[in-house]
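Here's the structure, in structure tokens; my notes come after.
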Amino acid sequence: MSRLAFGVDVGGTFAKIAAVTRAGKVLRKDEIPTDPHAGPADFTDRLCAVLGSWRRRGLRAEALGFAVAGDVDHERGRLRLTPNLPGWPGYPFRDALRRRLRLPTVMENDANAAVWGAYAVELGRRPRSLIGVTLGTGVGGGIVVDGRLQRGATGTAGEIGHTRVAWPGEPCRCGSRGCLEAYAGTYGILRLARRLLRAGPGRGRVLRRLCPNLKALTPKVLRTAADQGDPLAAEVWERTGTMLGLGLADAVMLVNPEALLLLGGVSRAGDWLLRPVRRVFRERPFGTALRAVSLRCAADPDGGCVGAALLAWEETCL
Ligand SMILES: [Zn+2]
């Protein structure tokens with residue numbers, strides 16, 4: 001039997017769970033509803049039930065990585081704040097899981113975990129420096145310098161989603177305005193799309209045909225509409241990619257990484273996002289770092305479980 005670690009990636013709706021080998025291969029996976037309103041203790045019970053049943057079937061892990069969206073206090077193993085999981089901040093997840101499962105446990109921000117997963121498995125740890133940006137409901141990020149994940153003084157390093165790209169700007173879920181997330185997170189993208197649709201009743205014909213109920217609009221539908229030649233959908237991606245480019249350019253100027261990797265569901269928009277980002281980079285006169293960086297979308301945009309497992313392993317067992 002291979003040596004294993006368990007990885008958990010808790011999103012607002014579902015939590016993904018995986019048993020991962022040292023090489024980052026997923027041997028078993030499952031998903032449970034997050035059901036945040038039932039509270040963190042209830043979630044911990046349900047997670048321990050799944051991992052307990054895996055163990056009884058012979059999956060013996062050496063560590064557990066627990067990744068959650070929000071401001072994670074890595075040192076104390078709990079959440080400081082999070083927009084999706086009301087009532088969860090302050091709950092001692094790491095200690096509760098460590099005690100219940102008798103496993104070395106590491107708690108990490110979900111974007112850091114996803115970036116580490118992609119860095120270790122997809123990129124084979126080759127670039128020494130990298131910025132990874134997760135594009136989903138929220139926008140998160142992780143920074144690798146000299147082959148190590150950078151956490152900063154409070155574990156908050158890499159929170160690119162809440163760096164500012166506009167003033168005063170659109171409202172962000174964090175309570176501020178003008179954050180990158182308010183433009184490049186799913187809710188920012190859909191807000192723009194609905195606004196353009198309202199302003200131009202004759203526009204977005206393909207989009208309206210693909211999605212007659214605009215409440216059900218998703219980035220995936222916007223990508224399909226753009227692929228099928230809808231100019232309004234293309235404009236949404238152009239404007240989203242431009243704001244993303246502004247945020248990414250600032251991050252690249254600060255860190256000067258070798259690679260820039262986009263992850264998360266929205267990164268599946270691929271060239272619709274990459275083209276405007278590259279244009280923003282080209283337009284900067286002082287562009288040494290921006291021209292040197294290798295920019296691309298991850299092949300597996302959802303490596304949060306794998307990254308959480310590998311990080312836990314490296315920090316507790318190796
Ligand atoms: Zn914000």
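No hydrogens, no waters, no symmetry mates; every other heavy atom, side chains included, goes into these values.
Cluster annotation: V133 is connected to M253 through the hydrophobic network of ILVMFWY side chains, with a link wherever side-chain heavy atoms come within less than 4.5 Å. L262 and Y187 are not part of a single hydrophobic cluster, where members link through side-chain heavy atoms under 4.5 Å apart.
Considering all non-hydrogen atoms of both residues, R291 and P285 come closest at NH2-O, 3.4 Å. The nearest pair of heavy atoms linking C297 to G270 is SG-CA, 4.0 Å. Listed here is the closest heavy atom pair of F281 and L290: CD2-O, 3.7 Å. Heavy-atom minimum distance, M243 versus A166: CE-CB, 4.1 Å. Here the shortest heavy-atom pairing between A225 and L207 reads CB-CD1, 3.6 Å.
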Take F66 and V10 through the side chain to side chain contact (heavy atoms under 4.5 Å, CB included) test and state the conclusion after the steps.
CA-CA 8 Å; F66 185 75; V10 185; 3.8 Å; yes
Verify side chain to side chain contact (heavy atoms under 4.5 Å, CB included) between R46 and D35, making sure each step is shown before the conclusion.
CA-CA 11 Å; R46 289 185 289 120; D35 198 4; 3.6 Å; yes
Let's go through V68 and D110 carefully: what are the C-alpha distance in whole Å and the side-chain angles of both, what is the deciding distance for side chain to side chain contact (heavy atoms under 4.5 Å, CB included) to 0.1 Å, and is it a yes or a no?
CA-CA 5 Å; V68 193; D110 65 336; 5.8 Å; no
Does the pair D71 and N109 meet the rule for a side chain to side chain contact (heavy atoms under 4.5 Å, CB included), with working shown?
CA-CA 7 Å; D71 187 20; N109 167 268; over 6 Å; no
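In this structure the side chain of L273 reaches within 4.5 angstrom of the side chain of W237, judged on heavy atoms. F43 places a side-chain heavy atom less than 4.5 Å from the side chain of I32. Side-chain atoms of L261 and I131, non-hydrogen and from C-beta on, never get closer than 4.5 Å to each other. Between C174 and C179, the closest side-chain pair of non-hydrogen atoms falls below 4.5 Å. When side chains are defined from C-beta on, Y183 does not count as touching L244, because their heavy atoms never get closer than 4.5 Å. V255 has its side chain within reach of I143: a pair of non-hydrogen atoms, C-beta onward, lies under 4.5 Å apart. For the pair R191/P171, a side-chain contact is recorded, criterion being any heavy-atom separation below 4.5 Å from C-beta on. The shortest side-chain heavy-atom distance between E159 and T163 does not fall under the 4.5 Å cut-off.
Classification of the F93-Y91 ring pair by plane angle, with boundaries at 30° and 60°, yields perpendicular. Ring geometry, W54 versus F6: the interplanar angle exceeds 60°, so the pair is classed perpendicular (tilted spans 30 to 60°).
Remark: the backbone N or O of L101 is paired with a side-chain donor or acceptor of R55 at under 3.5 angstrom. Judged by distance alone, the side chain of R208 and the main-chain N or O of L197 form a donor-acceptor pair under 3.5 Å. D73 places a side-chain N or O within donor-acceptor distance of the main-chain N or O of R76, the cut-off being under 3.5 Å. Panel note: side chain R278, backbone L295; a donor-acceptor pair is recorded below 3.5 Å. In this structure a side-chain-to-backbone donor-acceptor pair under 3.5 Å is present from S129 to E258. Under a 3.5 Å cut-off, the side chain of H74 and the backbone N or O of M107 do form a donor-acceptor pair. Between the side chain of R28 and the main chain of A18, no donor-acceptor pair closer than 3.5 Å is present. No donor-acceptor distance shorter than 3.5 angstrom exists from the side chain of W167 to the backbone of G178, with no hydrogens or angles considered. For T240 (side chain) and A184 (main-chain N/O), no donor-acceptor pair under 3.5 Å exists by modelled atom type. Between the side chain of D146 and the backbone N or O of R148, no donor-acceptor pair lies under 3.5 Å.
How far CG of L196 is from CZ of R203: 6.0 Å, rounded to the nearest 0.5 Å. Going from atom OG1 of T186 over to atom NZ of K220 covers 13.5 Å, rounded to the nearest 0.5 Å. With rounding to the nearest 0.5 angstrom, the CG atom of L180 is 8.5 Å from the CG atom of L246.
The one candidate from D95, T44, D45 that meets the side-chain hydrogen bond (donor to acceptor under 3.5 Å, both in side chains) condition with R100 is D45. Each of T316, T105, V106 was scored for a side chain to side chain contact (heavy atoms under 4.5 Å, CB included) with R98, with one residue passing: T105. If you run side-chain hydrogen bond (donor to acceptor under 3.5 Å, both in side chains) between R173 and each of T137, N84, T82, only N84 comes through.
Of the charged side-chain nitrogens involved, none lies within less than 4.0 Å of a carboxylate oxygen, so that E238 and R275 do not count as a salt-bridged pair. A salt bridge links E314 to R125: at least one charged side-chain nitrogen sits closer than 4.0 Å to a carboxylate oxygen. The residues E170 and R195 are annotated as salt-bridged, a charged nitrogen and a carboxylate oxygen being separated by less than 4.0 angstrom. Salt-bridge annotation for E62 and R102: absent, with no side-chain N of the basic residue lying under 4.0 Å from a carboxylate O of the acidic one.
More than 12 heavy atoms of other residues, nucleotides or ligands lie within 6.0 Å of CZ in R177, so this atom counts as buried by the packing criterion.
For the pair R22 and W313, the cation sits on the ring face: its NZ or CZ lies under 6.0 Å from the ring centre, inside 45° of the axis.
T218 and R223 are not linked by any side-chain donor-acceptor pair at a separation below 3.5 angstrom, with hydrogens and angles left out of the test.
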